[in-house]
Amino acid sequence: MACVKLGSKTDAFHRQGQAWFCTTGLPSDIAVEVGEMSFHLHKFPLLSRSGVMERLISEASEGEEGCVITIPDIPGGVKTFELVAKFCYGVKFELTASNVVYLRCAAEHLEMTEEYGEDNLITQTEAFLNQVVLRNWKDSLKALQTCDDILPYAEELNITKRCIESLATKASTDPNLFGWPVKEHGGPMQSPGGSVLWNGISTGARPKKSSSDWWYEDASTLSLPLYQRLISVMESRGIKQEIIAASITYYAKKYLPGLNRRQGNDSSTHLKPVSLGSPPSEEDQKLLLEEVDRLLPFQKRVVPTKFLFGLLRTAMILRANPSCISNFEKRIGMQLDQATLEDLLMPNFSYSMETLYNVDCVQRILDHFIAMEQTGGVSPCSVDDEQFIGSSGPSLTPITMVAKLIDGYLAEVAPDVNLKLPKFQALAAAVPEYARPLDDGLYRAIDIYLKSHPWLVESEREQLCRLMDCQKLSLEACTHAAQNERLPLRIVVQVLFFEQLQLRSSIADCFLVSENLDGSRQLRSGFAMSNEGGWATTVRENQVLKVGMDNMRMRVSELEKECSNMRQEIEKLGRVKGSSTWGNVSKKFGFKIKSQMCSAQEGSVTNQHNGSEKVEKLKERHGKHKKDSVKDE
């Protein structure tokens, strides 16, 4: 830290209890009371430097023990007046960044101008501020910290503003361009040329490059009002929003203990907040949260999503302002595609404790995301259902990633017995249909919910299952759903039909591939002698493909037999009521495909064992719902 020594005399003051005495050999003729301390001094050195002291001495009455004056409100208190007295007597003392603000304000308060002496205290402190303190990062920071104690006086003299401007200028400038030391306490000093100095001698070694976060730790030592003003000035100077947001993140993590509980391994920054001796009060944390909300840039992908969830969780625990909570939800909604399932699993901190997790909050966040996607010009792509059959789906867009995330969240919250059906349905239905290439994740969540809520009536089960599109289930999901006793019978029948449709489409694709392979074989026949290895590989691939086609033919045969048996069973039931047409049955079950899809081909039945088992299960389940079916007719 830079310092300047003022005065030429050795120390001529000594303390006895609550009094200071000047040991110049002359008896004291004035006592100056500052707070609880008394200074026994001489009139002439004081009135020759200070206009205020001159007036107070002339107005004071002579008592038995000499003149007594009181200065109750001097900036900096007793310690500062001690240095002022030493300056008046010409006693040596150091002028540093830690005391210059106090001395500058005290000199102004005591009117220590050039009118009362050449090179008076105002002149010397002002010169030290401008020529030494404000040119150095650490000294500017220290001077700004001292402004907190005497803020009204510092504001009047523009010291606070000048320190903030100095810090903002240095933070917005790359220190590598100038070679001045940033961290004097840890890093080596540098020469004007930029090389490392050792005992004032240039070593030729180049110092390590400073990153953009070098000032975060120092700035976090400021009080919230001063830090807020510093950030505002930096923003006005055009510093990148990412750098501003990272500094605010560091500051918040330092003073909000709750943010560090579930952060995990966050590699977004290598800086770790300094642990405090005693955490701030809840009221102070609320104020800090609201200020962080105001300072954070309202911009997409500038603040880490995990950190935003931490702020939101802390705001809920501390019962922060509803507008503050809403703003955090909107920020998360802007970049929900970057969230993880762990982030969404926020406990319910409300007194009612209706559900284990805060489903309402996730619903609001999702609504914000959908609104942003729609206003951002993202139009849903019309994709044919056949595109998803047997394929891995399109590339993961943000809306697709969010759909997968919400399906996973639904599966996690589904076991909660207190989760009402309307809430579950509303959250699942909020995701647009085009966002889900496949409905396997949604089916899994619905199945878990049905298993955890066995008391749902048939109509509620059907209403819940309408959320998923049976045509968008994979073959594995169709196979599971066809044997799922928790699903309504109508849904199972739909699944069986669409499973058959998918198998037919897959076989058609295989035939197309086979024809292409046959055409390639003819083209390659002329080069058989020169490329025997490639031809052998093609033959093996064709054999594997034929085996796969045979297996699919067997599966299609089984499904056709099942459909035929089901049609006979349903026709028998229809005859009891006087109606046996397949068209009425297909209308009842909501099918949009023609009945001929279920017609069996001659000679295609090769294995009926598994199909008979499924039909028997459907018979048993349909018998349970026989009365309901009659009513529906």
Side-chain angles (χ1 to χ4, degrees), residues 383-393 403-404 407-408 410-411 414 428 433 436-451 461-462 464-510 548-567 570 585-586 589-601 604-622:
V383 182
D384 295 334
D385 294 334
E386 288 80 3
Q387 257 189 297
F388 300 113
I389 299 175
S391 66
S392 59
K404 183 178 179 181
D407 289 345
L410 288 170
E433 293 183 4
R436 293 188 176 101
L438 292 175
D439 276 7
D440 289 13
L442 181 59
Y443 165 67
R444 174 173 173 267
I446 291 175
D447 185 40
I448 295 174
Y449 189 86
L450 291 175
K451 183 178 180 180
R461 290 171 179 266
E462 289 190 2
L464 179 60
C465 290
R466 288 195 192 103
L467 292 170
M468 64 179 179
D469 186 355
C470 295
Q471 299 185 67
K472 293 168 65 176
L473 293 178
S474 64
L475 286 174
E476 294 79 4
C478 285
T479 303
H480 184 277
Q483 303 174 4
N484 193 342
E485 297 182 354
R486 289 183 288 272
L487 296 180
L489 180 62
R490 181 177 304 186
I491 302 300
V492 174
V493 175
Q494 290 184 17
V495 169
L496 286 172
F497 273 94
F498 291 125
E499 183 183 18
Q500 184 190 45
L501 177 62
Q502 291 187 40
L503 285 173
R504 285 175 178 269
S505 300
S506 299
I507 289 178
D509 293 340
C510 289
M549 290 170 56
D550 292 339
N551 292 334
M552 279 190 282
R553 287 195 189 97
M554 294 174 62
R555 177 61 179 158
V556 170
S557 299
E558 293 175 9
L559 289 174
E560 288 174 345
K561 182 62 177 177
E562 291 174 16
C563 282
S564 178
N565 293 335
M566 286 174 56
R567 181 170 59 181
I570 295 175
V585 175
S586 64
F589 284 94
F591 298 119
K592 297 181 180 179
I593 59 176
K594 297 181 180 179
S595 60
Q596 62 184 7
M597 282 189 169
C598 298
S599 61
Q601 298 177 359
S604 64
V605 180
T606 58
N607 190 351
Q608 302 177 0
H609 179 67
N610 294 333
S612 300
E613 289 183 355
K614 288 188 178 181
V615 171
E616 291 300 325
K617 290 183 180 179
L618 286 172
K619 286 180 182 179
E620 294 176 5
R621 294 184 57 190
H622 199 80

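These figures come from a predicted structure and were not determined experimentally. We use all heavy atoms of the structure for the numbers below, so side chains are in, but hydrogens, waters and symmetry mates are not.
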Original post:
Have Y443 and D469 got a donor and an acceptor in their side chains that come within less than 3.5 Å?
Top reply: no
Original post:
Can you name the side-chain contact (heavy atoms from CB on, under 4.5 Å) partners of R461, sequence neighbours left out?
Top reply: L450, L456, E458, R486, P488
Original post:
Which residues satisfy the side-chain contact (heavy atoms from CB on, under 4.5 Å) test with D407, sequence neighbours excluded?
Top reply: L410, R436, L442
**OP:** Start with the C-alpha gap between E462 and R466, add the side-chain angles, then the distance that decides, and say whether side-chain contact (heavy atoms from CB on, under 4.5 Å) holds.
**Re:** CA-CA 6 Å; E462 289 190 2; R466 288 195 192 103; 3.9 Å; yes
Original post:
Can you list the residues that meet the side chain to side chain donor-acceptor pair (under 3.5 Å) rule with D440, with sequence neighbours excluded?
Top reply: S474
Subject >> Taking every non-hydrogen atom, the tightest pair across A482 and L496 >> reply: CB-CD2, 3.6 Å
**OP:** To the nearest 0.5 Å, tell me how far E476 CD sits from L438 CG.
**Re:** 9.5 Å
Original post:
Which atoms form the tightest heavy-atom contact between K472 and E433, and what is the distance?
Top reply: NZ-O, 2.9 Å
Original post:
What residues, two or more places apart in sequence or in another chain, satisfy side chain to side chain donor-acceptor pair (under 3.5 Å) together with Y449?
Top reply: none
**OP:** First locate atom CG of L475, then atom NE2 of H480, and finally report the distance between them rounded to the nearest 0.5 Å.
**Re:** 15.0 Å
**OP:** Indicate the atoms forming the closest heavy-atom contact of C470 with I491, along with that distance.
**Re:** SG-CG2, 4.2 Å
**OP:** Looking only at non-hydrogen atoms, find the nearest pair between D439 and L467 and report the distance.
**Re:** OD2-O, 4.4 Å
